[in-house]
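Down below is the structure, laid out as structure tokens.
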Amino acid sequence: MSQKSAASKKLLLIATAGILAAISTVLRFLETPLPLLPTFLKLDFSNIPALIGGFALGPLAGTAILLVKNLIYLPFTQTLGVGEVADFVISLTLVLTASLFYKFNKNRKGAIIGMTTGSAIMSFIAAPLMNYFVLIPFYAWLSFDSSVDAIIQLAAKANPAIDSLWAYIIFAVVPFNIVKCIAICVITGILYKPLSPLLHKYR
């Protein structure tokens, strides 16, 4: 392959990742709360383009798509930027794990194992730890009109069983991320096969 051809392929790959990042950013604005969960936990599908990009273009591309999405969304933050940092770190555990598995096992089984493993890490490790040690305490510290107790009280309006930070993790954060991961992985599984011939042109 000539240098010119290689440069063209690289440019097309970057352009494809850019398009996926743009779609991811748009989807980030389309969010909805889930029943029986605190209203500030809102489901969006912005990780789907990142996961598709991770499968088709590689783990680095999936990471870049997540990063660009959160950087673009940052001026519209409602969490003083804390939510965007947490979203990047938490979502990265799913996208990076799944795309790394798929990179070394390019078949349906590799994709399923990757998404299942990534979902488990995101739902039961990354999201609980980030919320307990970073997201909730740091947001409460940054916000002059809020506190950890105030956030717990707000969450308790959706579920009275939430009476502590750990209860919030168990009854809100974990279920929310399980639902989110299932939705993202199922939709990605449906969309990836018809899209992969186009996306793989630029590998």
Ala64: partners by side-chain contact (heavy atoms from CB on, under 4.5 Å), with sequence neighbours left out | none
Residues passing the side-chain contact (heavy atoms from CB on, under 4.5 Å) test with Pro128, sequence neighbours excluded, are Ile169, Val174
What's the spacing between Thr32 OG1 and Leu43 CG if we round to 0.5 Å?
-> 7.0 Å
Counterpart residues, side-chain contact (heavy atoms from CB on, under 4.5 Å), relative to Ile112 (two or more places apart) | Arg108, Thr116
For Ile170, enumerate each residue passing the side-chain contact (heavy atoms from CB on, under 4.5 Å) test, keeping only those at least two apart in sequence or located in another chain.
-> none
Note: with side-chain heavy atoms under 4.5 Å as the link, the other cluster members for Ile23 come out as Ile19, Leu27, Leu30
Can you tell me which residue pairs pass the salt bridge (charged side-chain N to carboxylate O under 4.0 Å, His left out) test with a partner in residues 155-179, sequence neighbours excluded?
-> none
Residue pair Lys69 / Ser46, side-chain donor-acceptor N/O under 3.5 Å | yes
Output every pair passing ring pair (Phe, Tyr, Trp, His ring centres under 6.0 Å) with a member in residues 13-33, not counting sequence neighbours, ordered by first then second residue.
-> Phe29-Tyr73, Phe29-Phe76
Shortest non-hydrogen separation from Ala172 to Ile162 and the atoms involved | CB-CD1, 4.0 Å
Ring pair (Phe, Tyr, Trp, His ring centres under 6.0 Å) contacts in which one or both residues fall within residues 154-180, not counting sequence neighbours | Tyr132-Trp166
Considering all heavy atoms of both residues, which atom of Ala50 and which atom of Val95 are nearest to each other, and what is their separation?
-> O-CG1, 3.7 Å
Straight-line distance of Phe45 CZ to Ser24 OG, nearest 0.5 Å = 12.5 Å
So the salt bridge (charged side-chain N to carboxylate O under 4.0 Å, His left out) pairs with at least one residue in residues 39-58 (sequence neighbours excluded) are Arg28-Asp44
With sequence neighbours left out, what residues match Asn70 under side-chain hydrogen bond (donor to acceptor under 3.5 Å, both in side chains)?
-> Asp87
Run the side-chain donor-acceptor check on residues 177-191: report pairs under 3.5 Å with partners two or more places apart or on a different chain.
unit_1, atom_1, unit_2, atom_2, d
Asn177, ND2, Val173, O, 2.8
Thr188, OG1, Ile184, O, 2.7

Name all residues meeting the ring-ring contact (aromatic ring centres under 6.0 Å, His included) criterion together with Phe40; count only those two or more places apart in sequence or in a different chain, and write none if there are none.
-> none
CG on Leu57 to CD1 on Ile52, rounded to 0.5 Å = 10.5 Å
Is it the case that more than 12 heavy atoms not belonging to Leu36 sit under 6.0 Å from its CG atom?
-> no
